[in-house]
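Positions are given from 1, in the same order as the sequence printed here. Please read these numbers as outputs of a predicted model, since none were measured by experiment. Counting starts at 1 for both ligands and their atoms, in listed order.
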Amino acid sequence: MGYHVLTDEQREIRDLVRTLARERIAPRAAEIDESHEFPWDVVELYREHGLFGLFYDEAYGGLGTGTLLALIAIEEVSKVCATSGLILAVQELGSLGLKLAGTDEQKQRYLPRLASGEWLAAYALTESGSGSDSAAMRTTARREDGGYALNGSKRFITNAAVANLYTVFAKTDPDAGHSGISAFVVEADTPGFEVARLEPKLGISGSTTGELTFDDARVPAENLLGEEGEGFKIAMRILDRSRPGIGAQALGLAQGATDYALEYARSRETMGKPIADHQLIAAKLADMETACEAARGLLYGFGQMADAGLDGADLTKASAQAKLFCSDTAMWVTTEAVQILGGYGYIREYPVERMMRDAKITQIYEGTNEIQRLVIAREMLKENRVSQLTAVA
Ligand SMILES: Cc1cc2nc3c(=O)[nH]c(=O)nc-3n(C[C@H](O)[C@H](O)[C@H](O)COP(=O)(O)OP(=O)(O)OC[C@H]3O[C@@H](n4cnc5c(N)ncnc54)[C@H](O)[C@@H]3O)c2cc1C
């Protein structure tokens with residue numbers, strides 16, 4: 001399954017995003033990487049063209065065009081700049097708590113501002129001592145006169161210091177394990193809430209990754225998402241829906257690197273002919289293209305399932321598979337792209353070294369690929385499948 005599954009309307013929007021990415025974002029990509037500065041001009045471009053609307057229903061000022069197209073938009077932008085693709089993916093990640101568990105009132109209050117891009121969102125689950133084992137979190141939310149007081153800290157939070165709204169997970173019952181966790185919407189100007197620092201990192205340099213601290217941060221009771229104790233379930237349901245966004249970022253990186261390597265291999269000559277005519281290079285290109293197409297099949301398959309209204313176990317497995325395969329493909333394909341460019345692949349003047357650095361994080365965040373494999377295997381074991389070769393007694 002590839003691009004041919006798209007309807008005419010989807011193609012039209014895909015082409016608009018592709019043009020914006022090529023003409024407006026690609027020329028900025030190297031600068032964004034080198035400056036380590038959050039690209040507000042890209043946010044402005046998304047606002048002008050209504051691209052944040054791709055993630056929201058029409059009732060909240062969005063386009064209502066569904067999951068598949070939202071993934072395609074992230075893919076198209078990430079072909080030229082993974083930091084800019086991540087801005088779209090994290091707007092979705094930070095909004096999903098409201099979309100999946102918010103009351104009508106909460107949705108009306110926040111989603112239109114997120115759909116227009118006036119506000120940016122973030123998702124704060126990870127802490128310094130709890131990443132894969134997120135239920136081991138230490139941040140607490142103590143009930144007190146009509147609200148909650150949050151205390152603790154969160155680590156590695158994308159969009160720290162640029163988001164206006166954070167979906168934050170904290171323990172309302174520290175002794176109750178998974179079922180003691182609750183989810184909250186925290187506005188950036190909440191007294192007692194601060195961004196303590198931003199982390200320098202290997203790739204996606206224009207994206208902020210920060211530590212959040214909560215020192216008796218007062219959150220009103222109406223900002224609780226769902227019921228007390230439902231936070232862990234909400235966090236996992238969010239990840240089921242958001243991980244493919246990282247898959248889309250990864251696929252964009254992989255396809256972008258493949259396209260660049262192909263163009264380079266056509267014109268770079270050694271031993272009297274273009275390197276693309278050396279069979280070892282041709283085989284690399286063929287394998288890279290095939291891996292991208294296979295990744296696209298899993299990713300778009302997830303998009304179609306989500307748009308068809310599927311939920312539950314099927315979605316969990318498809319989501320983990322798309323994230324796992326797209327991100328492993330991105331790491332492998334971008335490394336091959338560097339190899340095809342030889343020495344030029346390793347220097348900053350050419351984009352593939354940035355793409356290889358950017359690809360690495362897609363195997364780590366929103367659940368490492370080890371965790372994705374655990375999720376997939378767990379779903380397989382639940383399926384109660386029998387082999388066709390099992391003898392029928
Ligand atoms: C740039 C960046 C942006 C991020 N953005 C966000 C964000 O916006 N919001 C947010 O909440 N978090 C975010 N994260 C956090 C990210 O999701 C975690 O770093 C990730 O889930 C891994 O957690 P950890 O770093 O604590 O590693 P650990 O959980 O300590 O894992 C260390 C290693 O052990 C492996 N491992 C752990 N448990 C198991 C197991 N049971 N079986 C097999 N292997 C295992 C892991 O796969 C990994 O290889 C971000 C991280 C980075 C670096």
Side-chain angles (χ1 to χ4, degrees), residues 32-33 36 38 74 78 82-97 120-139 150 152-171 178 181 183-186 188 195-214 225 231-232 234-243 245-247 249-250 253 319-320 323-324 327-328 330-331 354 357-378:
I32 291 169
D33 177 55
H36 294 228
F38 184 78
I74 297 169
S78 301
T83 289
S84 300
L86 186 61
I87 293 172
L88 293 176
V90 175
Q91 190 74 345
E92 168 75 342
L93 172 68
S95 303
L96 271 165
L120 296 182
Y123 173 89
L125 179 68
T126 304
E127 299 183 4
S128 52
S130 60
S132 304
D133 186 10
S134 51
M137 70 175 65
R138 311 270 302 264
T139 299
L150 267 59
S153 65
K154 296 283 168 184
R155 187 100 194 253
F156 299 147
I157 306 308
T158 302
N159 274 3
V162 300
N164 307 78
L165 178 155
Y166 297 77
T167 303
V168 178
F169 300 86
K171 287 202 162 159
H178 293 82
I181 296 170
F184 301 89
V185 172
V186 178
V195 176
R197 66 174 163 146
L198 298 179
E199 317 267 3
K201 50 194 189 295
L202 177 70
I204 53 161
S205 312
S207 171
T208 62
T209 309
E211 182 177 356
L212 316 180
T213 57
F214 304 88
L225 285 174
F232 189 76
I234 294 171
M236 295 303 119
R237 282 189 70 209
I238 291 173
L239 291 174
D240 275 354
R241 299 264 166 184
S242 69
R243 279 175 176 150
I246 299 307
Q249 183 196 28
L253 276 162
S319 158
K323 194 271 185 186
L324 170 67
S327 58
D328 280 354
M331 195 65 248
R354 178 185 77 244
R357 283 186 288 108
D358 286 349
K360 185 61 208 171
I361 191 60
T362 66
Q363 295 180 306
I364 295 172
Y365 57 16
E366 293 200 30
T368 64
N369 281 4
E370 287 77 14
I371 296 300
Q372 304 312 309
R373 289 182 168 91
L374 292 181
V375 169
I376 295 162
R378 190 185 63 209

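Here the heavy atom of the protein found nearest to atom 24 (P) of ligand 1 is Gly131 CA, 3.9 Å. Atom 44 (N) of ligand 1 has as its closest protein heavy atom Glu370 CB, 3.8 Å. In this structure, the protein non-hydrogen atom closest to atom 39 (C) of ligand 1 is Ile371 CD1, 4.0 Å. Given atom 36 (N) of ligand 1, the protein heavy atom at minimum distance is Ser132 OG, 4.3 Å.
Under the 6.0 Å cut-off for aromatic ring centres, Phe169 and Tyr123 qualify, their centroids lying closer than that.
Each of the following atoms of ligand 1 lies closer than 4.0 Å to a heavy atom of Ile157: 7 (C), 8 (O), 9 (N), 10 (C), 11 (O).
At a distance under 4.0 Å, no protein heavy atom can be found next to atom 33 (C) of ligand 1. In this structure, atom 28 (P) of ligand 1 has a protein heavy-atom contact shorter than 4.0 Å. Counting protein heavy atoms under 4.0 angstrom from atom 51 (C) of ligand 1 gives one or more.
Qualifying ring-ring contact (aromatic ring centres under 6.0 Å, His included) partners for His36, counting only residues two or more places apart in sequence or in other chains: none.
Judged by distance alone, the side chain of Thr208 and the main-chain N or O of Ala160 form a donor-acceptor pair under 3.5 Å. Listed for the Gln249 side chain is a donor-acceptor partner under 3.5 Å among the backbone atoms of Ala82. Using modelled atom types, no side-chain atom of Asp358 and backbone atom of Gly203 make a donor-acceptor pair closer than 3.5 Å.
Under the side-chain hydrogen bond (donor to acceptor under 3.5 Å, both in side chains) test applied with Thr209, the options Lys201, Glu199, Arg155 reduce to a single match, Lys201. Remark: of the listed residues Val186, Ile157, Thr139, Ile157 is the sole one forming a side chain to side chain contact (heavy atoms under 4.5 Å, CB included) with Leu212.
Counting all heavy atoms, side chain and backbone alike, Leu150 lies closest to Ala170 at CG-CB, 4.5 Å.
Which of Phe156, Phe169, Tyr166, Tyr123 comes nearest to atom 14 (N) of ligand 1 through a heavy atom is settled by distance: it is Phe156. With atom 21 (O) of ligand 1 as the reference point, the heavy atom nearest to it among Ile364, Thr158, Thr208 is part of Ile364. When the heavy atoms of Ile204, Leu374, Ile361, Val168 are ranked by distance to atom 53 (C) of ligand 1, first place goes to Ile361. Among Leu202, Thr368, Thr126, the residue whose heavy atom sits closest to atom 10 (C) of ligand 1 is Thr126.
In Glu366, the part holding a heavy atom less than 4.0 Å from any atom of ligand 1 is the backbone.
Residues Arg243 and Glu366 are not paired through a salt bridge, judged by the lack of any N-O separation under 4.0 Å between the basic side chain and the carboxylate.
Not a single N or O atom of Thr209, backbone or side chain, sits closer than 3.5 Å to an N or O atom of ligand 1.
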